Amino acid sequence: VQDPSMIGGKLPLLRAQCLLRSKDFHGALAEAESALDSRATESRARLTMGMAYASLGRYEHAVERLAHAWDDPEDRLAAMKALAHVHSALENHADAADACRELSALGACDDDFFALWVRSCEVLGDSDRTVEAYREYTIKSEPGASMLIEWGRALAQAGELDRAEACFVEAIRRAPEDPNAYFNCGDLLTRMGRFADAAHLYESGLRLKPGHAPAWFVMGNCLAHLGLTHAAVRSYEEAISLDPALDAARHNLDVVRSEG
């Protein structure tokens, strides 16, 4: 074993990393502090301290340490991943989204970070950035039906209705047993005024999930728009039987009956 005096800050850093892995975060901080004196280990020590502070919930301290580690090319990736989570915990959603975008550019954004990226953009209410996150995900991996549904919803919110429909249709193709794919596509087509197509989708979804009161209600609305009064009444009645608190269904049922 080499003389510790020649190793400089490496031994304290190694101890700090071992303590971090064993979840002794206070011990990791103390050892990492000792490693700050060596230029060779300063960046890695700040990274270790940032992760320890984050694990202790001391997020402001974590940001300060991780930001310095970010400047070192060797530690940048690990610091970026940690900062994405810390910024999210601090509700700095714009910074969290930016960190995830950089991870994506480096090819290091896995499903968890994509989910964090999307969630941050949604909290910001930025539909364009949300769509960008989904688009990047589909470039780097093959999206499943649930991801396609979420992406379709983001596109619909951004006003890209045709692309949203394409996502929902593909989700139905990939997971024909998933009622949510039908319901979300039905919601979109209802918004677009395509009531016959929407009613067909709700009907398909309800075969898979017959106890979903909101779908019965919206299908009733579609049928009412199409002038199919008796079918609309049956849909509203089913919605109310499943959810007696669905006052909108009661109201629409009364309207349809009075007009029929």
Side-chain angles (χ1 to χ4, degrees), residues 111 114-115 117-123 125-135 137-138 141-257:
D111 286 358
F114 270 112
W117 187 4
V118 169
R119 186 166 63 251
S120 299
C121 293
E122 287 178 339
V123 171
D126 191 332
S127 57
D128 290 337
R129 292 177 71 175
T130 303
V131 169
E132 177 196 4
Y134 280 117
R135 184 182 297 115
Y137 180 88
T138 59
S141 61
E142 185 72 13
S146 60
M147 177 62 76
L148 285 166
I149 292 170
E150 293 301 320
W151 191 20
R153 293 173 65 178
L155 287 164
Q157 187 174 358
E160 298 187 36
L161 305 187
D162 290 339
R163 295 181 62 204
E165 182 182 359
C167 283
F168 293 138
V169 169
E170 180 62 17
I172 291 170
R173 187 188 71 80
R174 295 190 186 189
E177 74 290 347
D178 185 351
N180 291 320
Y182 297 95
F183 294 151
N184 278 277
C185 196
D187 290 344
L188 177 69
L189 297 191
T190 299
R191 174 180 169 184
M192 296 169 73
R194 292 165 54 186
F195 300 116
D197 292 335
H200 175 71
L201 285 161
Y202 289 125
E203 186 178 12
S204 298
L206 286 166
R207 289 196 194 100
L208 298 165
K209 190 177 180 181
H212 191 57
W216 284 106
F217 167 60
V218 185
M219 184 168 73
N221 292 341
C222 292
L223 295 168
H225 277 289
L226 294 168
L228 301 173
T229 303
H230 294 299
V233 167
R234 287 197 298 272
S235 290
Y236 290 138
E237 288 176 341
E238 186 65 28
I240 294 166
S241 71
L242 291 166
D243 183 1
L246 199 54
D247 292 335
R250 293 183 184 278
H251 174 269
N252 287 9
L253 176 60
D254 290 340
V255 170
V256 168
R257 280 175 170 165

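These numbers were taken from a predicted model, which means no experiment stands behind them.
In terms of heavy atoms, A198 sits closest to C222 at CB-SG, 3.8 Å. The shortest heavy-atom contact between L246 and A213 is CD2-O, 4.3 Å. Shortest non-hydrogen contact noted between A154 and V131 is O-CG2, 3.8 Å. The heavy-atom pair separating A164 from A156 by the smallest distance is CB-N, 3.7 Å. Nearest approach of E203 to M219, heavy atoms of both residues: N-SD, 3.7 Å. Taking all atoms of both residues into account, the shortest heavy-atom contact from L242 to P210 is CD1-O, 3.6 Å.
Taken from CG in N252 to CG in D247, the straight-line distance is 11.0 Å, to the nearest 0.5 Å. Here the CH2 atom belonging to W216 is positioned 8.5 Å from the OG atom belonging to S241, to the nearest 0.5 angstrom. Distance CD1/I240 to OG/S235: 11.0 Å, rounded to 0.5 Å. Note that SG of C167 and CE of M147 are 11.0 Å apart. Values are rounded to the nearest 0.5 Å. To the nearest 0.5 Å, the span separating CD on E165 from CG on L189 amounts to 5.0 Å.
Between F195 and H225, the angle of the ring planes stays under 30°, which puts this pair in the parallel group of the 30/60° scheme.
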(message) I'd like to know whether I149 forms a side-chain contact (heavy atoms from CB on, under 4.5 Å) with F168, so could you lay out the CA-CA distance, the side-chain angles of the two residues, the decisive distance to 0.1 Å, and finally the verdict.
(response) CA-CA 6 Å; I149 292 170; F168 293 138; 4.2 Å; yes
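At distances below 3.5 Å, not a single donor-acceptor pair connects side-chain atoms of R191 with backbone N or O atoms of L161. Panel note: side chain Y236, backbone A248; no donor-acceptor pair is recorded below 3.5 Å. Without hydrogens or angle criteria, Y134 side chain to L148 main chain gives no donor-acceptor distance under 3.5 Å. Remark: side-chain polar atoms of R194 are not paired, donor with acceptor, to backbone N or O of L188 under 3.5 angstrom. The backbone N or O of H200 sits nowhere less than 3.5 Å from a side-chain atom of Y182 that would complete a donor-acceptor pair.
N221 has its side chain out of reach of T190: every pair of non-hydrogen atoms, C-beta onward, lies at least 4.5 Å apart. Residues E132 and W117 are in side-chain contact: their nearest non-hydrogen atoms beyond the backbone lie under 4.5 Å apart. Between I172 and L201 the shortest side-chain heavy-atom distance falls below 4.5 Å.
Residue pairs that meet the side chain to side chain donor-acceptor pair (under 3.5 Å) test with at least one member in residues 145-161, sequence neighbours left out, are E160-R163. Screening residues 226-244 for salt bridge (charged side-chain N to carboxylate O under 4.0 Å, His left out), with sequence neighbours left out, gives E237-R257.
The residues E122 and R119 are annotated as not salt-bridged, no charged nitrogen and carboxylate oxygen being separated by less than 4.0 angstrom.
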